[in-house]
Amino acid sequence: MIDLKLLRENPELVREAVRDKKFTCDLDAIFDLDVNRRDIFTRTQEARSRQKAANAEVAGLPKGSPEFLEKIKRMKELSQEVKELQKQQQEVDAEWNRLMLTVPNIPHESVPVGKDEDDNQQVSAWGDPQTVSADAQPHYDLPVFKKFVDLAGGVKVTGAGFPFIVGPMARLVRTLLRFFLDEAAAAGYVEVMPPLLVNAASATATGQLPDKEAQMYEVPQDGLYLIPTAEVPLTNLYRDTIFETGELPLRHVAYTPCFRREAGSYGKDVRGLNRVHQFDKVELVKWVLPENSFDELESLRMDSENILQKLNLPYRVLLMCSGEIGFPHAKQYDLEVWAGGQKRWLEVSSCSNFTDFQARRGNIRYRGQDGRPHPVHTLNASALAIPRTLAAILENNLEADGRIRLPEVLIPYYGEKYLT
RNA sequence: GGAAGGGUGGCAGAGUGGCCGAAUGCGCUGGUCUUGAAAACCAGAGUGCCCGAGAGGGUACCGGGGGUUCGAAUCCCCCCCCUUCCGCCA
């Protein structure tokens, strides 16, 4: 939710932000409603005040006395007036809320204005893609791929995009999850296992609803959604909470499966493990004081980058442009790993600062120096998404004899040097 | 899924139609007293919104939503959640 004060005092900034982000929402309708809403609120309040005063008088009169009956008679009129105003207030407020939920967050000033991926800025890179063997293969073309990943089995049992991971690959997934979680714990994140289904209020607070409803699998019978990322249940754990300042920053890490409908995806993007409907991911979430949030974003990004470095996978860091960052995002970095077989970059992590946007929607606050509650800032990052990490390892670590070499750091975890 | 009992301020807990934003106790904050602490005593203390430069004032909130009534924490209806028992089940 956008800050109402900002919207009132600086409507052009918001208008520009909406345009830069390529979202549409009816700001003019909000401005009109805002005036109307305040007027009705004030009038309702005044009428209600008169009613309460009259009630206090009646309370002192003997029940059934002539004065009592006379007074009641006059108060019926007032009661009608109050009811009418309250009805109007409800209607205006509901519409106002509906519209407010469609206004995206404002991009931070450091975010480049742009319309598509060509306008993203590479801010850094690590490792050398050239070191990957020239005859590396896309993971889905490797002879061992069929042994490790059973796409056809998934299609039979569920549908496209729900692969079975088999044998050494399943073991590698388990290894990676443990490694990721251990790294996060060492960096100070408290591990939690959240629910994999969330209600509509949760999906609204983090910004999936109403903006990205089509992305989520739904269980209509129970009014629940399968989580597209652990961000949703994690962030919502502290919905309607007031933190004491000493409790921040708060850091959590969670491993969860993630479910995404990915409607409209096609072609090379969905081959092999590049994009699937169900995947495993380890997610980091932080709740921080507003004044620290952009520093916290950098350290969060480093937490994700460290994992890629330890895995010895070449990657680059992109600062996403205004047109590419999501609805609730103020600033977002994507970490893209080099997949030497496909000779392309695959996004394995997205590191984001949502500033106070999710906190306002979810009513997540801290008590400030002034003793009053204020919205916290929320951030999150993947560390990391499993399938594309697997793809990168398969493609970059192929030996001449056809075996897949494990990153050094995983050998003690996995117990062997090669994926067998 | 069925039955019964419940959901009130940080916690416990009173309140069954009007002066209840809500007793009381505990906890918390400040003060008095004390060399210091404890005890005792005094005072304060929720969140949102509206009006106001401010002081302050108003209003809403007793799980959520609707209804009855001049007036609802209190009565009625629907939903959610918790506890216990039964059923089912990893």
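In what follows, chains are A, B, ... by sequence order, proteins preceding strands, each numbered from 1. Since this is a predicted model, take the numbers as computed values, not measurements.
The distance between atom CZ of A:F41 and atom P of B:rC61, rounded to the nearest whole Å, is 12 Å. Distance, A:E84 CD to B:rC70 C1': 18 Å, rounded to whole Å. Straight-line distance from the CG atom of A:D93 to the P atom of B:rU59: 19 Å, rounded to whole Å. Protein atom CD of A:E244 is 12 Å distant from nucleotide atom P of B:rG10, rounded to whole Å. B:rG58 atom C1' lies 16 Å from atom CZ of A:R38, rounded to whole Å. Protein atom OH of A:Y366 is 14 Å distant from nucleotide atom P of B:rU47, rounded to whole Å. A straight line from CG of A:N97 to C1' of B:rG65 spans 15 Å, rounded to a whole angstrom. Put simply, CG on A:L61 is 16 Å from P on B:rC70, counting in whole angstrom units.
Residues forming a side-chain contact (heavy atoms from CB on, under 4.5 Å) with A:T24 (at least two apart in sequence, or on another chain): none. Applying the side-chain contact (heavy atoms from CB on, under 4.5 Å) rule to A:D240 yields the partners A:N363; only residues at least two apart in sequence or on another chain are considered. Listed by chain and number, the residues in a side-chain contact (heavy atoms from CB on, under 4.5 Å) with A:A201 are A:N199, A:R239 (sequence neighbours excluded). With sequence neighbours excluded, the residues forming a side-chain contact (heavy atoms from CB on, under 4.5 Å) with A:K5 are A:D3, A:E9, listed by chain and number. Partners of A:F179 by ring pair (Phe, Tyr, Trp, His ring centres under 6.0 Å), not counting sequence neighbours, listed by chain and number: A:Y413.
In this structure, B:rU32 and B:rA40 make a Watson-Crick or G-U wobble pair, each of the two defining distances being under 3.5 angstrom. As the counterpart of B:rA60, B:rU47 is assigned, both hydrogen-bonding distances of the Watson-Crick or G-U wobble pattern falling under 3.5 Å. Of all nucleotides present, only B:rC11 satisfies the Watson-Crick or G-U wobble test against B:rG25, with each distance under 3.5 Å. Partner assigned to B:rA3 is B:rU84, using Watson-Crick or G-U wobble distances below 3.5 angstrom.
For the segment residues 66-80 of chain A, the set of residues with a heavy atom within less than 4.0 Å of an atom of RNA chain B comprises A:F68, A:I72, A:M75, A:K76, A:S79, in numerical order. Residues from residues 42-56 of chain A that place a heavy atom under 4.0 Å from any atom of RNA chain B, listed by number: A:T42, A:Q45, A:R48, A:S49, A:Q51, A:K52, A:N55.
Look at the P atom in both B:rG63 and B:rG10: the space between them is 13 Å, to the nearest Å. B:rG64 and B:rC80 have their C1' atoms separated by 7 Å, with the value rounded to a whole Å. Spacing between B:rA12 and B:rC62 at atom C1', rounded to whole Å, works out to 16 Å. Here the separation of B:rC11 from B:rC49, taken at their C1' atoms, is 28 Å to the nearest Å. As rounded to the nearest Å, B:rG46 and B:rA39 have C1' atoms that lie 29 Å from one another. Between B:rU8 and B:rU24, the two C1' atoms lie 14 Å apart (nearest whole Å). With both ends at atom C1', the span from B:rC89 to B:rC20 equals 47 Å, rounded to whole Å. Comparing B:rA22 with B:rG57, their P atoms are spaced 14 Å from each other, to the whole Å.
Between A:E298 and A:R301, at least one side-chain N (NZ, or NE/NH1/NH2) sits under 4.0 Å from a carboxylate O, which counts as a salt bridge.
Sequence neighbours left out, the pairs with a member in residues 90-109 of chain A that pass ring-ring contact (aromatic ring centres under 6.0 Å, His included) are A:H108-A:F294. A ring-ring contact (aromatic ring centres under 6.0 Å, His included) check over residues 320-339 of chain A, counting only residues at least two apart or in different chains, returns the pairs A:F23-A:F327, A:F327-A:F357, A:H329-A:F354, A:W338-A:W345. Residues in residues 26-52 of chain A take part in no ring-ring contact (aromatic ring centres under 6.0 Å, His included) pair, two or more places apart or across chains.
Using modelled atom types and a 3.5 Å distance limit, the side chains of A:S352 and A:K331 yield no donor-acceptor pair.
Figure legend: cation-pi geometry between A:R367 and A:F243 absent, as NZ or CZ is not positioned both under 6.0 Å from the six-membered ring centre and within 45° of its axis. Cation-pi check for A:R405 over A:Y418 is not met; the charged atom does not lie both under 6.0 angstrom from the ring centroid and within 45 degrees of its normal.
Backbone-only engagement by A:Q90 is indicated by non-hydrogen atom pairs under 4.0 Å involving sugar-phosphate atoms exclusively. No engagement by A:R37 is indicated, since no non-hydrogen atom pair under 4.0 Å with the nucleic acid exists.
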**OP:** Treat primed atoms plus P, OP1 and OP2 as sugar-phosphate and everything else as base, then score nucleotides 78-83 of chain B 5' to 3': B for base contact with protein heavy atoms under 4.0 Å, S for sugar-phosphate contact only, - for none.
**Re:** ------
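The only member of A:R50, A:Q86, A:Q51 that meets side-chain hydrogen bond (donor to acceptor under 3.5 Å, both in side chains) when paired with A:E81 is A:R50.
Both A:V58 and A:L4 lie close to RNA chain B; mapped to their nearest nucleotides by heavy-atom distance, the more 5′-ward contact belongs to A:V58. Residue A:K63 is the one, among A:K63 and A:I242, whose nearest nucleotide of RNA chain B lies closer to the 5' end (criterion: closest heavy atom).
In this model, the phosphate group of B:rG71 is approached by a side-chain N or O of A:K83 to a distance below 4.0 Å at OP1 or OP2.
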Anything under 3.5 Å between a donor and an acceptor, one on a side chain of residues 143-168 of chain A, the other on a protein residue two or more places apart or in another chain? List them.
from   : atom 1 : to     : atom 2 : distance (Å)
A:D150 : OD1    : A:A152 : N      : 3.3
A:D150 : OD1    : A:G153 : N      : 2.7

